[in-house]
Amino acid sequence: MFPYPSGAGLHVGHPEGYTATDILARHKRMRGFAVMHPMGWDAFGLPAEQYAIETGTHPRVTTEQNINTFRRQIRMLGFSYDWDQEVDTTDPDYFRWTQWIFLLLHGTWYDTTAKKGRPIAALPIPPDVAAQGDAAVRKYRDDRRLAYRAEVPVNWCGALGTVLANEEVIDGKSERGGHPVIRMPLRQWMLRITDYADRLLEDLDAVDWPPSIQEMQRNWIGRSEGAELDFMALLPAGGESLLRVFTTRPDTLFGATYMVLSPEHPLVPALTIPAQADQVEAYRQQASRKSDFERTELAHEKTGVATGSFAINPVNGERVPIWIADYVLAGYGTGAIMAVPAHDERDFAFAVQFGLPIRLVVAPTAGGAAPEGEPFTQHGVAMASGFLDGLPTLEAKARMIDWLEKESKGIRKVNFKLRDWLFSRQRYWGEPFPLLHEIGTDGEPTGRIEPVDIADLPLKLPELEDYKPSGRPEPPLGKATGWVEVERDGKLWRRELNTMPQWAGSCWYYLRYLDPKNSQAFCDPAKENYWMPVDLYVGGAEHAVLHLLYSRFWHKVLFDHGHVTTAEPFKRLVNQGMILGDVEYTAFRDATGAWVQPATRDATGLEAVRLPEDQVEKKGDHFVLKADTSIRVDARANKMSKARGNVINPDTVVNEYGADSLRLYEMFMGPLEATKPWSMRGVEGVYRFLSRVWRVFIDDRAEEVGLSPQVSSEAPEAETLRLLHHTIKRVTEDLDAMRFNTAIAAMMEYTNHLTPLVIRPRTALEPFVLLLAPFAPHLAEELWQALGHGSTLAYEPWPVFDPALLVASTIEVPVQVNGKIRARLSVAPDIGKDELEQLALADTKVIENLAGRAPRKVIVVPGKLVNIIC
RNA sequence: GCCGAAGUGGCGGAACAGGCAGACGCGCUGGACUCAAAAUCCAGUUCCCCAAAAGGAGUGUGGGUUCGACUCCCACCUUCGGCACCA
């Protein structure tokens, strides 16, 4: 995954994944593969804009500086990127195609029968719509495009005068400054990713991804099957209105004792009786001020207000009260539920809180009793439910849906947690939407929206005097007066003022890598066909859901239009683990300065003191203070952060130990996927290994760098040859399985064998240099030259091991008596089972341990062990 | 609360189609080289007992399967990551 070039420069977390893919790229090249290994910049984003607001520096300037820093640092590490493939999402030649893809989405509707996206021109227009004229047809189409506009609540911070992203809002206040944030509806661009929910879910089975990531995506998509059914709401003003709910448990319909609407539900005003109006309005106000976070956070205490009106249960004609409560989310299902307190935790809590009736309609077993004082939410057997009585839950569900469908009171329905994607931002530093709004003679938008001509792309950002927020929830692009208004076909048009989110550019960059300079298409179809899908995609798990889901969505739209040939973009995904700071030891002192042992880690009023390693020791399964072993010391590695001051800068490491040491250490720390703490001593360790390798080849006492006189043309001894081939085997297999740490261990072992050799045969050294090359390319190239080769080793064939040479002349086989090892036999590797058993039984140690007892059973695993049971 | 991953020496981690636990590296101890130090090289280093040999215990905890379990099964504990009123 390409980086966001932040002002802080490269972090040691970045080179982890990049080293891994570089090693594989180099290895594959040596094995004759054509390798595409590119790098680029995900360079739109908030920090550059924030910096612009504060200093007036154009984000382009900041971004360019940051990219230059990142590029320098990345080059310093010797990654074999093809810099001709470099992409930058903020480059107009790049975002031209981001805009182009947006227009493709805008020009697409999802055909649910064909289960694919199709051009909007192919959308069948019903005759009655067509009869109403162009405006009606246009609206019909606009309502079905994959990119559409909707009123959705955004986080508006009046004090900062800007709209904030969800992650910038904490406890209903702005992250910076702690100003109040309210949610207000704003007209926004949305992408209809929910149309692709089923395919995004199904195709997860076809990719080679970590199961945990697949699971996270499945949960995020959150498919659930159930029914939508209609209650009949009785309006206080007279008349009726259908009130639709979604439920996964239609079998509990007989147990519905009240209904709950989300505070935002459109029917709330019509359903509120005058006596309740004030309360309802107050509750709606209060709910609107809460952020989603606040609404779902800890506050599991239920709140709500009765509307005062009632609805009729479709299955039994019963009158049930209608309430509003914020535990019902406006965005899921229909924004309204039938409450079955006996069989749902939330409904139960609410019913208890407000004294609403609870009616059991499912028993754990036929005739069995549900536990008292808690809801029974599991499957069981229907009861007190008329025609469902006695049916197990699954059958009861099906029967109820059949009944609802027959009576036209409901339908089978699948719902998804996945929301449509809020795609617009009220920001400057992002891709402008290539759309024009028609302005009528009255100076107001007519509602007609047209894309900018493809030939006029890219639509570049206007230059701005200042980037400060306007103080109104309006995008800063509105300030670019000369840019906003456009004349076309004799009419006045106003440009779309929102910009795209940072995800946009990162959604498809892997395709641009294939053909970054193409001015005719986002990518030459022949190249796409040759390279796609991505064989290996390495990145942090923080992108497990959003980035990977959005990319997959865009890819599928491109696929439906025939612009790409694979349904999925990333065949194999590997998540690198996080690199934490060095381990820190912390003890606590109270106000008097005395050491104390806090009951909890977050105890207040105590001073946390960081201790050097030599002041602590291990006692039992935890660390204690050496000076007072009754005081427990907290030992943990923390996330690297500026605030903690535990950030490791790759520049420092490279200056001190060289790029190869950094690369090697990052890979030697542990499995790529694991979270692991950094240790400067560990870097020192791999540096010493590389130095040892150097001294095996090079006479370091000589005035000039030159091959050690110990390097000889003699043939290696059998053991050296065996170890060489063993090492080739291990390194090759470990690389294929991405076990970089054990591959390095294998090379260390081989080096440990070579070091004491007085005579170092060239034929045992050269293949080793090639094995080391992907890991430590700088050192390996130098050794390769010293060995007398004129050109790079980057394309030398990868060494191949000879299985015949792997066999040792003798092996050691342990002999157990009753499962305990009592002797070791030195035998030929191909020794027969019977012979091995005879040898074991004849061993003096074994005889001693048998103490005259006769073996009852002898288990012989040839080449592994002998176990004698007596 | 739910989902997922993981618990192995002083530390990072090896070994899991069930078969010698602790590879490799760090740290530590001792030795060689040196006037000395650094660097380097050699040896040792899971714990307990012990001069040594020989023993004994041991892969988060408690059970189970097996000749044999870090590895498989059941229950639990802890840590990390994600989701979190999704009807």
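Throughout, protein chains are lettered first and strands after them, A, B, ... in sequence-line order, and every chain is numbered starting at 1. Because only heavy atoms are used, hydrogens play no part in the values below, and waters and symmetry mates are left out as well, while side chains stay in. As the structure is a computational prediction, the values presented were derived from the model and not from experiment.
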Separation between the P atoms of B:rG25 and B:rC70, rounded to whole Å: 25 Å
side-chain N/O A:Arg218 vs B:rG82 OP1/OP2, d < 4.0 Å: no
Phosphate OP1/OP2 of B:rA87: any A:Tyr327 side-chain N/O under 4.0 Å: no
Watson-Crick/G-U partner (both atom distances under 3.5 Å) of [N]:
N      : value
B:rG12 : B:rC24
B:rA5  : B:rU79
B:rA54 : none
B:rU40 : B:rA32
B:rU66 : none

Protein-nucleotide distance (A:Tyr332, atom OH; B:rA84, atom C1'), rounded to Å: 14 Å
Atom pair distance, as rounded to whole Å: CD in A:Glu673 and C1' in B:rG4: 15 Å
Short side-chain to backbone donor-acceptor contact, A:Asn638 and A:Gly581, under 3.5 Å: no
Whether A:Asp582 side chain and A:Ser679 backbone form a donor-acceptor pair below 3.5 Å: no
Heavy atoms under 4.0 Å, any strand shown: does [X] hit a base, just sugar-phosphate, or nothing?
X        : answer
A:Ser224 : sugar-phosphate
A:Pro210 : nothing
A:Arg223 : nothing

Salt bridge A:Arg218-A:Glu215, side-chain N to carboxylate O under 4.0 Å: yes
Pair A:Arg223 + A:Asp198, salt bridge at N-O below 4.0 Å: yes
Pairwise N/O distances under 3.5 Å, protein to nucleotides 57-64 of chain B:
| unit_1 | atom_1 | unit_2 | atom_2 | d |
| --- | --- | --- | --- | --- |
| B:rA57 | OP2 | A:Lys820 | NZ | 3.2 |

Candidate pair A:Arg722 and A:Glu719, rule salt bridge (charged side-chain N to carboxylate O under 4.0 Å, His left out), full reasoning: CA-CA 5 Å; A:Arg722 189 183 71 81; A:Glu719 182 62 3; 3.2 Å; yes
Among [options], the nucleotide that comes nearest once only the side chain of [X] is considered:
X        : options                : value
A:Arg695 : B:rC41, B:rC67, B:rA87 : B:rC41
A:Phe623 : B:rG13, B:rG10, B:rG4  : B:rG10
A:Ile869 : B:rC67, B:rA54, B:rU79 : B:rC67
A:Glu215 : B:rA87, B:rG4, B:rA54  : B:rG4

Chi-based syn or anti call at B:rG9, which uses purine or pyrimidine torsion atoms and a 90° bound: syn
Residue mapping more 5' on RNA chain B - nearest nucleotide basis, A:Met669 or A:Val545: A:Met669
Comparing A:Gly331 and A:Lys676 on RNA chain B - which has the more 5′ nearest nucleotide: A:Lys676
Under the ring pair (Phe, Tyr, Trp, His ring centres under 6.0 Å) test, residues paired with A:Phe348 that sit two or more places apart: none
B/S/- contact track for nucleotides 16-34 of chain B, protein heavy atom under 4.0 Å: ---BBS-BBSSS-------
Inter- and intrachain pairs under ring pair (Phe, Tyr, Trp, His ring centres under 6.0 Å), touching residues 724-754 of chain A, at least two apart: A:Tyr750-A:Phe768
Salt bridge (charged side-chain N to carboxylate O under 4.0 Å, His left out) contacts in which one or both residues fall within residues 678-691 of chain A, not counting sequence neighbours: A:Glu613-A:Arg681
For A:Asn575 against A:Pro210, the heavy-atom pair lying closest together: OD1-CG, 4.0 Å
Run the side-chain donor-acceptor check on residues 332-342 of chain A: report pairs under 3.5 Å with partners two or more places apart or on a different chain.
| unit_1 | atom_1 | unit_2 | atom_2 | d |
| --- | --- | --- | --- | --- |
| A:Tyr332 | OH | A:Ser224 | OG | 3.0 |
| A:Thr334 | OG1 | A:Arg244 | O | 2.6 |
| A:Thr334 | OG1 | A:Ala336 | N | 3.4 |
| A:Thr334 | OG1 | A:Ala336 | O | 3.3 |

